[in-house]
Amino acid sequence: MIEVIETAPLNSVQDLGRVGMRKFGMSPAGGMDRLALAIANAVLGNPRGAAAIEFQMFPVRLRILADTGIAVTGADCNARLDGRVLPPWWAIPARAGQVLELEGVTKGVRGYMGVAGGIDVPIILGSRSTSLRDGFGGLDGRALAAGDVLRSAELVAIASRDAQGFGVQPPSVALAFGTAGPRETLLRVIPAAEYPQFDDASQTSFWNAGWTITPRSNRQGYQLAGAAPLLRTEALEMRSHAIVPGTIQVPPSGQPIIQLADANSAGGYPKIGVVIDADLWRIAQAAPGQILRFVECDVKTARAAARDVATYLSEVERLSSYVWSRRAA
Amino acid sequence: MSVSLEQIIEILTRMQAAGVVSLTASGPGWSLQLRLPEEMRSSTPTSTATPQMSIAMSPSVGMLIRQHPLQREPATSRGQVVAHDEILAFVAAGLLYRPVTAPVAGQVVDCLVEHGELVEFGTPLFRIAPALHQGDGHAD
């Protein structure tokens with residue numbers, strides 16, 4: 001059990017998302033960085049899809065109410081457990097009464113906290129995710145607030161071979177590709193259905209220009225700004241059609257939008273590309289002011305990248321099981 | 001019978017905890033002999049009367065990570081005052097980062113191994129001059 005002593009806005013309970021509900025107009029919600037969320041569970045021996053806490057704003061102070069194990073992954077949030085520094089991507093046994101403080105991020109944007117046994121909130125439409133936009137799921141359909149108490153789905157105490165816990169190699173190292181400049185993030189993108197409708201100059205600048213993340217960027221989507229607008233040879237109207245997280249739309253302004261976890265299930269803007277699923281976590285950790293660069297790829301590369309993510313995750317799961325012992329508390 | 005590296009490390013850790021320096025086991029078609037490395041045989045000095053140097057050792061076979069890839073500075077530098085059990089560095093064994101911790105509160109007088117070097121189980125990594133007042137050394 002965990003009590004929220006203090007929290008900034010927009011921090012919520014999330015899991016891997018409300019999968020399969022888009023046909024009913026539901027956005028998937030779920031962690032923006034689903035890889036960090038899955039790792040926060042994997043290192044504790046939880047199912048990958050157990051619910052965890054997503055932190056987007058800081059500071060945060062939480063009190064542990066029962067002996068358990070916790071893991072903090074994603075952005076380096078300058079975490080301290082009872083005043084002791086926790087390195088990034090770290091798992092550690094936690095005792096009743098200890099206080100976890102997250103001061104703020106130095107690198108990345110979103111932090112995740114897993115709890116042994118997973119966080120127990122009701123499953124709604126197949127997921128424990130908070131849909132902040134529609135006000136349901138998670139803890140009463142809202143962001144966390146001081147005084148909230150979160151229960152573990154299963155009370156599990158954890159002993160580690162290392163009393164100070166252990167960490168994992170962050171995916172930014174394990175899954176690195178290409179060479180990005182400072183403050184740049186590379187994303188692999190498959191050209192989408194309306195890509196051929198864009199003029200040559202737009203197609204070229206889509207791949208070659210850097211796209212700055214504007215402050216109008218959140219869990220619904222990131223609005224980008226580039227030097228020259230992306231234009232189509234003919235301004236055709238389109239009917240609304242299904243879109244997925246990662247879809248890059250181009251509204252009439254010519255400045256692209258990447259649709260993300262809380263996006264609508266359908267949209268009518270032309271799609272120039274789709275960020276591959278294996279790279280969505282990279283967007284979640286890129287902050288306004290930073291630059292995104294799109295690298296063209298095909299379905300084969302996307303599948304290989306997905307396999308790399310799966311291998312990383314199962315290797316972390318396997319190695320972590322040697323370090324921990326779990327028992328019912 | 002097959003024994004993984006992780007299992008051997010587990011056995012060595014338990015041997016160290018129990019003060020056992022060598023172990024022999026055998027069965028039909030196999031035998032196993034383990035000897036605790038010299039550095040692991042004496043446990044952390046507990047005497048406060050003689051301010052002996054204390055050594056922080058590697059918890060695992062792997063690569064020494066003195067600076068976490070997401071952080072701007074090494075976790076520990078020479079001259080730094082550290083608390084008992086404070087994390088000084090990491091040893092990367094595959095994708096896992098195991099912590100190298102300070103066996104006593106005190107001051108780091110020497111960093112014995114460079115970032116990126118391969119270390120073994122029990123390799124001495126930091127020399128620490130124990131603090132004169134040996135509390136639990138919490139800096140806060």
Side-chain angles (χ1 to χ4, degrees), chain A residues 36 39 42-43 71-93 99 101 105-108 111 159-176 285 308-309 311-325, chain B residues 3-17 44 56-76 80-103 105 115-116 121 136-140:
Chain A
I39 294 287
V43 291
V72 181
T73 62
D76 179 12
C77 325
N78 290 296
R80 283 168 187 271
L81 184 63
D82 266 5
R84 294 231 167 175
V85 173
L86 295 191
W89 295 80
W90 204 255
I92 189 167
V99 172
E101 290 173 275
V105 291
T106 43
K107 196 156 190 180
S160 167
R161 188 191 289 155
D162 301 304
Q164 299 308 314
F166 69 97
V168 298
Q169 188 181 61
S172 53
V173 179
L175 301 170
Q285 299 299 353
D308 290 345
V309 171
T311 305
Y312 168 71
L313 193 49
S314 42
E315 187 65 2
V316 167
E317 239 159 28
R318 188 181 71 83
L319 293 170
S320 301
S321 70
Y322 293 122
V323 188
W324 287 128
S325 63
Chain B
V3 183
S4 71
L5 181 62
E6 283 85 3
Q7 285 170 317
I8 290 175
I9 291 171
E10 178 70 46
I11 296 169
L12 286 171
T13 312
R14 288 183 187 204
M15 284 167 66
Q16 185 190 26
T44 306
M57 294 181 301
S58 169
S60 169
V61 174
M63 190 173 78
L64 183 68
I65 307 277
R66 291 197 46 203
Q67 181 175 346
H68 192 284
L70 297 190
Q71 294 187 324
R72 293 198 192 104
E73 290 168 1
T76 314
Q80 191 170 321
V81 174
V82 296
H84 178 222
D85 274 345
E86 188 169 324
I87 296 170
L88 308 176
F90 313 93
V91 173
L95 294 173
L96 283 196
Y97 284 8
R98 306 273 305 272
V100 177
T101 54
H115 178 91
F121 190 54
D136 82 343
H138 249 290
D140 32 75

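Chain letters run A, B, ... following the sequence lines, proteins first, then strands; residues in each count from 1. Every value quoted in this text rests on a predicted model; they were computed, and no experiment measured them.
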Does any backbone or side-chain atom of [X] lie under 4.5 Å from a heavy atom of chain A? Answer side chain, backbone, both or neither.
| X | value |
| --- | --- |
| B:Leu70 | both |
| B:Pro99 | both |
| B:Ala75 | neither |

Inset, instruction - Mind listing the closest non-hydrogen atom pair of A:Arg84 and B:Ala83 along with its distance? - result: NH2-CB, 4.1 Å

Legend entry - Considering all heavy atoms, the nearest A:Gln164-B:Thr101 contact: CG-CG2, 3.6 Å

Inset, instruction - Output the distance between atom CZ (A:Arg318) and atom CG (B:Leu96), rounded to the nearest 0.5 Å. - result: 9.0 Å

Inset, instruction - Quick one: pull up CG in B:Leu95 and CD1 in A:Ile39 and give me the separation to the nearest 0.5 Å. - result: 8.5 Å

Legend entry - chain B contact via A:Val316 - which portion, at a heavy-atom distance below 4.5 Å: both

Does the side chain of [Y] come within less than 4.5 Å of [X]'s, by heavy atoms?
| X | Y | result |
| --- | --- | --- |
| A:Arg161 | B:Arg98 | yes |
| A:Pro87 | B:Tyr97 | no |
| A:Asp76 | B:His68 | no |

Taking [options] one by one, which has the highest count of heavy-atom pairs under 4.5 Å against chain B?
| options | answer |
| --- | --- |
| A:Gly167, A:Ser320, A:Ala163 | A:Gly167 |
| A:Leu86, A:Val43, A:Leu319 | A:Leu319 |
| A:Tyr312, A:Trp90, A:Trp89 | A:Trp90 |

Legend entry - Partners passing side-chain hydrogen bond (donor to acceptor under 3.5 Å, both in side chains) against A:Glu101 (at least two apart in sequence or in another chain): none

Inset, instruction - With sequence neighbours left out, write down each residue that passes side-chain hydrogen bond (donor to acceptor under 3.5 Å, both in side chains) with A:Asn78, or none if nothing qualifies. - result: none

